[in-house]
Each structure stands twice: as structure tokens, then as C-alpha cells.
Novice: 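Before we start, here is the structure in question, set down as C-alpha cells.
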Amino acid sequence: MNPNKYQETYRIASARLAGWDYSSNGAYFITICTHNRVHAFGEIIDGQVNLTSLGQAAWDCWHAIPQHFPFVLLGEFVTMPNHVHGIVVIDKPPPKRAETQNFASLPGGINQFGPQSQNLASIVRGFKIGVTKCARQYQIPFAWQSRYHDHIIRNAAEHDRIRKYILENPQKWEEDCFYSS
């Protein structure tokens, strides 16, 4: 059998930064869109977001993230008509020496993919599930875009620029790349 036969044929390339451990401490700028950019969360009137019940559920689910992931701190967040922007800070305590020794003693050593329940993808997945459950509970037709965009925030200046972008997003809605009337 040819090992290269299906290489890259059915696989979508990852949008994540190669080599970065998304379970490690850091600040991340997240954008998550609704499927087909449907305006499920509300509308912008005079630069203000007027949320639908599902938009309010998205806001509530976002702010509940630390209840499910106690190592997460939340920064700025906005619910737009067809997407959300937010800053997630993963702030885990350093591992104890005994914990790192236990991983090393496992057959095969440390899992090369890291803990799959305490990383950025699991945080985003949990948020999306919460909003989707609410939509189903109230029989609101809704779906998320399958992926999300993340950006690793590397310094204070970048954090300030992103924070400002999130806060001003409703006032600049018609200039937004996700805008549709």
C-alpha cells in the first residue's frame, strides 16, 4: 500500500499555529462565526448591539466559561449579529514536580498533543455547545461555522489594540469584514 496515496487529499490544513501548545498559559483573541454568517445574535442600531434571546445566551455562555474552566480569565467580549469576538486568558498554575514525573512514567512518555480537555479548543467547543443547546431548547434554528479563528496575543500593545477593536466593533459594524445587511 502506498503511504502517500491519500496524503493531504481529505485533510483540511489546521488554522492553528504549528508547534504552539494551546493548553499553555497565554492570551488568545477568538472570533467565532455563525454558519453562513446568519444574523442569529441580534442587530446593530446606532452603534449599539441589540441582542436576540440567542445573542443573550451567547453572552451568558461566554461569561460562564470560568465556571467550567477555572483556569480561564476572560477579557473583552462582544456579541455581534453573526459572530463573537473575545479574549481568553489561560492562566494555569505551574505543574507540581510530582505531576510532571507521573506523565514521564507513562508508557510512551508525555502525550504529544497535550491534555485535550484543558486547551483552547475545548474552551471554544464548550462555549459553542452551550449556545447550541440553548438554541435547541428554544427551537431556534441555529448552527455555528465549523471552525474558529484564534490569534495568540504576544504583548501588551497588541492586547490593547485588540481590546479596542472588540470594544469599538459595534460602532464600526458596516466596516467589519463580517458585515452583511
Novice: Do other residues, nucleotides or ligands put more than 12 heavy atoms under 6.0 Å from F71 CZ?
Specialist: yes
Novice: How far does CG of N82 sit from OG1 of T34, to the nearest 0.5 angstrom?
Specialist: 5.0 Å
Novice: Heavy atoms, side chains only, cut-off 4.5 Å: are V78 and M80 in contact?
Specialist: yes
Novice: Which value, rounded to the nearest 0.5 Å, describes the distance between Y28 atom OH and I123 atom CD1?
Specialist: 8.5 Å
Novice: Could you pull out all residues at least two apart from K172 that satisfy side chain to side chain donor-acceptor pair (under 3.5 Å)?
Specialist: E168
Novice: Centre-to-centre under 6.0 Å for H85 and F77, is that the case here?
Specialist: no
Novice: What distance do Q48 atom CD and W173 atom CH2 have between them, rounded to the nearest 0.5 Å?
Specialist: 15.0 Å
Novice: I'd like to check the side chain to side chain donor-acceptor pair (under 3.5 Å) partners of H151; sequence neighbours left out, ordered by chain and number.
Specialist: E158
Novice: Evaluate side chain to side chain contact (heavy atoms under 4.5 Å, CB included) for F142 paired with R136, printing each intermediate quantity in order.
Specialist: CA-CA 8 Å; F142 175 74; R136 288 183 182 153; over 6 Å; no
Novice: Do F127 and H68 make the cut of ring centroids closer than 6.0 angstrom?
Specialist: no
Novice: Decide yes or no for I152 and Y22: does some side-chain heavy atom of the first lie under 4.5 Å from some side-chain heavy atom of the second?
Specialist: yes
Novice: How long is the span from the CD1 atom in I65 to the CG atom in L73, to the nearest 0.5 Å?
Specialist: 11.5 Å
Novice: Above 12 or not: heavy atoms from other molecules or residues under 6.0 Å from CG of N155?
Specialist: yes
Novice: Checking side-chain contact (heavy atoms from CB on, under 4.5 Å) between H149 and each of I30, T31, I32, which is the one that passes?
Specialist: T31
Novice: To the nearest 0.5 Å, what is the distance between CH2 on W59 and CZ on F41?
Specialist: 14.5 Å
Novice: Under the 3.5 angstrom rule, does the side chain of N50 hit a backbone N or O of G42 as a donor-acceptor pair?
Specialist: no
Novice: Could you grab the distance from atom CG of L74 to atom CD1 of I87, nearest 0.5 Å is fine?
Specialist: 10.0 Å
Novice: Determine, using the 4.5 Å side-chain heavy-atom cutoff (strictly less than), whether V84 and V38 are members of one ILVMFWY cluster.
Specialist: no
Novice: Which of these, K164, E175, H83, sits in a side-chain contact (heavy atoms from CB on, under 4.5 Å) with N169?
Specialist: H83
Novice: According to side chain to side chain donor-acceptor pair (under 3.5 Å), who are the partners of T132, at least two apart in sequence or on a separate chain?
Specialist: W144
Novice: Between R147 and Q145, is there a donor-acceptor pair closer than 3.5 Å when you use the side chain of the first and the backbone of the second?
Specialist: no
Novice: Whether the side chain of K128 engages the backbone of A143 through a donor-acceptor N/O pair (distance < 3.5 Å, no angle test) should be reported.
Specialist: no
